[in-house]
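Chain letters run A, B, ... following the sequence lines, proteins first and then strands; every chain starts at 1. All figures in this text were calculated on a predicted structure; none of them were measured in a lab.
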Amino acid sequence: MTNKNPDTTEFKRLEKALGESEKRYRSLFEESRDAIYFITREGKVVDANKAALDLFGYTKEDLPNFNVVEMYENPADRLKFQQEIEEKGAVRDYGVRMRRKDGTVLDCLLTTTVWQANDGSTLGYQGIIRDITEYKKAEKTLQESEEKLRAILTGIGDYITIQDKDLDIIWVNQPTMDLYGDIIGKKCYKVYHELEENCSNCASEKVFNEGKTVVWEGGPYRESRPKYSLVTSSPVRDIEGNVVAMVEVTKDITERKEMEQQLKNYAENLEKLVEERTLELRESEERYRGLYDSSIDGIASTKMDGNIIECNQAFSDMFGYSKEEIKKMNYLEFIPGKWRDIVARIINEQILPRGFSDVLEIEGCKKDGIIFPASARLWVINDINGNSIGMWALIRDITERKKLEGKLKSYTEKLKRLDEERAEELKRKTVQLEALNKELESFSYSVSHDLRAPLRSIDGFSKALLDDYAEILDDEGKHYLNRVRKATQRMAELIDELLALSRVTRSEMRREKIDLSEIAQEISLELQESQPKRLVDFIIEPGLVADGDSRLLRAVLENLLINAWKFTGKKHKAQIEFGVTWKGVNRVFFVQDNGAGFNMEYSNKLFGAFQRLHSPDEFPGIGVGLATVKRIINRHGGRVWAEGEVDKGATFYFTL
Amino acid sequence: MVKGVILLVEDNPDDVFLTKRAFKKSNILNEMIVARDGVEALDYLFGTGAYADRDMSIMPTLILLDLRLPKLDGIDVLRRIRADERTKLIPVVILTTSKEQKDLIESYSLGANSYIRKPVDFDQFVQAVHQLGLYWVLLNEPPPTIRRD
């Protein structure tokens, strides 16, 4: 290097003085891989080694023509740097951005000392330039990467911690910080589980001793932290591969766990339900199976094509095939030909549209060819989706019923014929009866008229004799005539009563509701008025209502009460009662007195016409009253009877 | 003594005798015309048949009518009496043996003035006739068309 500067003289002198040493260092200088330079304070490059020239893309020829200031990206940096050197005498690793000859910028570290002359004056600066562009780039990348990592570790939501070998927490991510606060430096077991020593099942052993990653589930834990967690514990190695720490990534799996638990519960419930339902179904099936097996009706199921699936014993018995044979048959084989179309039509018109058929009366065909009447009902078997998959058939052999029906029909017809004959007969009889009635009517008319007329003559002429021939007749003659007259009176009475009796039989009946008590009351009053001096105690139960002809029932009560009145005539304290009593389900009316009564031996004579148990002298009467009562009661469809004892009274019962 | 003819329509001679006797006994001495059947009764009343020549100005004060009569019975006679202007106002007393409801109803509905059942006992019959005569012949004012000579 040559220099025309005033300084050059000094430099040459020094060069000489340095002698051999210089030679040695030059070689070192030239060969060094670090860029080494010498510059003046003004920025003139005094020397630069090959590494320096290569670094900035200059040649030695370029050096005299430029100032080092040009090499600073920011020329102001040069001044700042120079000041620092001047001040301190040396600057280490001063970072500055410098420009190559081609304009690219390099990150450089300058380590520079002041270059002094022997007299201590500053000649310039000498130093080493290190290109740290690549390093800077790497550092930036690293920073960015770290930033990314941090963001990920924060954003990930999982709790991430790093513990050292002593299980002190040395790093946590933000979510962990948010949850636990500042726990750096604390023991993990203390923080997480409030324990004083390591957990018995800690993964750290495997991680630290075996260098393995362990994934494990923890929980349930107390509140304020995830109840359930999934933890991944991984080793952190140093550059030599030694495990120096453990990263734990804790994922909150509470929701999943609880869901799992719920699912498990559901599953368990479901299982239980299924079990119960299965049992129920089995019981139900058992029940229906019993019904099916023991039914006396034949039951068979078929597929939709009519092929039999199965049948019960009754079905097999009914048709005479074994169950095994039946399983290979089609339902058509059990139906005589003429019914097949009808059944097919019923399947289409009733069973498929609405699910079941009416009760059909068809015929069945047994194995031995015998055809029998049967009643049947068919219905569809649906699967769970409502698709028809087959049919049930319920069949009953109605041979016996049909026979009975036939018999019944013939009986009914016979009965009808009989009824018609009976009706015909009745009609004939009615006509006869009507004629007879007419005849009887005219007969009684005749009796009433024609029998009485001679009586009147007998009496009238007897009286004429007595009147006109009194002088001729002696007392005996008069007595005889009086006897004749008395007899005619009696004869007249008999005729009247007889007529009354026949009227009872002939007159038309009109049934209506009648208050018998009221009628009895009226009659009792009439009786008492007729003989006011008699002391008779009437006991009449009120409100006895019956269905009947009022005129005729009045006659009944009249006869009975008059009888009672009559036959108590000799009692000092007579009592007559009308009431009702029950014989089983039958209401029985009665008229009771405490009068003369009668001997039960003759009770059968009581109700005959003109039958008397007492002489007319004892009690007046001609003996048609009870005959009339009996006829009226008979016409009402009732019954009349009497109980009594001589001198103890009588009770007359009647039903209607 | 009030005059006036009584028409007795009765087929039984005994009854005729006894009826007349009963009237006599009761001192009812009016003239009594006797018709033996329904036809004769109508002949008298309307001046036909055997009575074609009778004086039609005289009409009975009272008709005693039996129901059971030969030829035409009492009910039909009554119907004819009530249907004719000349006779419709004459009192008619049914005097009969029957006490059939049918007869009673028919008689009254055809306009009979009274219905008496002949009692068998003659004493009672006299009593009945006495009262009937007393009432219808003596007390009762006949309708103005009937002359009472």
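- The number of heavy atoms from other shown groups lying within 6.0 Å of CZ (Arg80(B)) does not exceed 12.
- For chain A, the nearby parts of Asp123(B) are the backbone and the side chain; heavy atoms of each come within less than 4.5 Å.
- Counting heavy-atom neighbours within 6.0 Å of Arg483(A) CZ, excluding the residue itself, gives a total of 12 or less.
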Subject >> Candidate pair Lys25(B) and Asp467(A), rule side-chain contact (heavy atoms from CB on, under 4.5 Å), full reasoning >> reply: CA-CA 11 Å; Lys25(B) 290 250 170 199; Asp467(A) 286 354; 2.8 Å; yes
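- Contact detail for Val120(B) and Ala492(A): the closest heavy-atom pair is CG2-CB, 3.4 Å.
- Applying the side chain to side chain donor-acceptor pair (under 3.5 Å) rule to pairs touching residues 6-22 of chain B yields Arg456(A)-Asp15(B), Ser457(A)-Asp14(B), Asp468(A)-Arg21(B), Glu10(B)-Lys118(B), Asp15(B)-Lys118(B), sequence neighbours excluded.
- The number of heavy-atom neighbours closer than 6.0 Å to OH of Tyr108(B), taken from other residues, nucleotides and ligands shown, is above 12.
- Other residues, nucleotides and ligands place no more than 12 heavy atoms under 6.0 Å from the CG atom of Asp53(B).
- Using a 4.5 Å cut-off on side-chain heavy atoms (C-beta onward), Phe122(B) and Arg485(A) make contact.
- Between atom CD of residue Gln489(A) and atom CG of residue Asp121(B) there is a gap of 4.0 Å, rounded to the nearest 0.5 Å.
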